[in-house]
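Structure first, commentary second.
To find a chain, count down the sequence lines: A is the first, B the second, and so on, and within it residues start at 1.
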Amino acid sequence: MTDRDFWLADAPVDLVPLRARLQHDRAGAFASFEGWVRDHNDGRPVLGLRYESYVELAQAEGAKVLAEARARFALCEAVCVHRIGDLAIGDMAVWVGVSAPHRGAAFDACRYIIDEIKDRVPIWKHERYADGDATWLHPEPAGDGAPQ
Amino acid sequence: MTDRDFWLADAPVDLVPLRARLQHDRAGAFASFEGWVRDHNDGRPVLGLRYESYVELAQAEGAKVLAEARARFALCEAVCVHRIGDLAIGDMAVWVGVSAPHRGAAFDACRYIIDEIKDRVPIWKHERYADGDATWLHPEPAGDGAPQ
Amino acid sequence: MTDVRLLYFASLRDAAGRSEETWQTTAPDLRALYAEVRAQHGFALPAERLRVAVDGAFARWDDAVRGDSEIAFIPPVSGG
Amino acid sequence: MTDVRLLYFASLRDAAGRSEETWQTTAPDLRALYAEVRAQHGFALPAERLRVAVDGAFARWDDAVRGDSEIAFIPPVSGG
């Protein structure tokens, strides 16, 4: 495993070492978020999807998000990993884990990280539908009903 | 494993089957919270602790919290397990896991559940300190600086 | 005289030196019952800081004391 | 004339039919450059929906076009 706090993974991620990285004697709270591939989006049945990234820029921007979270919230550790490549229904697309002395900071930082990752990091989702169609998702700005 | 959605465990909890219970094809988001035993509380070094419960009432009240979360938020599944007995630094004291179609509901429900469990469910923490002292924690009402 | 079963937890159990006992009372409601028990065992916490449960369900302090019921005084909780 | 390297991702790559290309331009800034490229490949998304990056870092649309730079037009992202 890398010693970065944000990275892209092109294969399934083992959660045990991820969680272990967050352990800390000062940590009383651990919050995590996982994005899973759903079987539908906006009412359309989904068969599977693929994530593509502009890897160099995504790595830099993801690291920036993690640094912002560490600066804003009283944390012990924070880690985020995002899958790229082909994923099936139920697969984990993204994992965010945060440990902190207190739960407020852990929850707030976890949410901050996933919100910013979804908003700013150059990763794109290509969905294949049961009806044979497939498309890249380029959501409208937040507040206009962006999915998930 | 029980088929209840809230229970008390008198031994360490295996997270793999817990997480598996949350999986659901409609679930795009999974949020979890863990409370870990910290090495300090309010500035005092802590050696370890013990949780005691009024088991019958805790089971009923915990189940009520989970039912409230399911009623308030659009969830797929929600589970909470709380340890009782002796715990060491770093041990997991409580686990909350929620899956939902969208991440807002998953985060909000996860936080609702842990906040209510901490507020209402008859479980008490007995802390042993490095200076030889030990005490039951009976926090003041929320807002008065309740710990964690 | 009514017989009730009392359950003690956490600091109340430590102060009472026992986890349960049978108690004979003429207290009309649970608040008055707690006042008796608190005086006997020297509990530090006033009723306002506690909740009360009867037969495994939360109750109100002005509920009447029912014979043969199991009553628990619930000090502030600290799970999580 | 300035030579730049263009990178295409997601729907822009599908529309362009390639993931990168070398482009000769006289465009003074990145906004004008995108207008040229959009016209050539028929991109549906206007610049207002995109971000732009130069040499692996986000840039501004009114930044000048630097020769031999690597420029990526970033359509709305959908990770997570």
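- Residue with the most contacts toward chain C among B/E56, B/E52, B/R50: B/E52 (heavy-atom pairs, distance under 4.5 Å).
- Between B/I113 and the options B/D5, B/V96, B/V79, a side-chain contact (heavy atoms from CB on, under 4.5 Å) holds for only B/V96.
- To the nearest 0.5 Å, the span separating CZ on C/R49 from CD on B/E140 amounts to 4.0 Å.
- In terms of heavy-atom pairs under 4.5 angstrom with chain B, the leader among C/G56, C/P75, C/A72 is C/P75.
- Side-chain atoms of B/R83 do not come within 3.5 Å of backbone N or O of B/V94 as any donor-acceptor pair.
- There is a side-chain donor-acceptor pair under 3.5 Å between B/E68 and B/Y112.
- Between B/H82 and B/F6, the distance from one ring center to the other does not fall under 6.0 angstrom.
- Proximity to chain C is absent for every atom of B/Q59, based on heavy atoms less than 4.5 angstrom apart.
- Using a 4.5 Å cut-off between heavy atoms, C/A10 touches chain B through backbone and side chain atoms alike.
- For chain C, the nearby part of B/W136 is the side chain; its heavy atoms alone come within less than 4.5 Å.
- Interface residue B/S53: only backbone heavy atoms are found under 4.5 Å from chain C.
- A 6.0 Å sphere centred on CZ of C/R60 holds no more than 12 heavy atoms belonging to other residues, nucleotides or ligands.
- Only the side chain of B/Y51 comes within contact range of chain C, with at least one heavy atom under 4.5 Å from a heavy atom of that chain.
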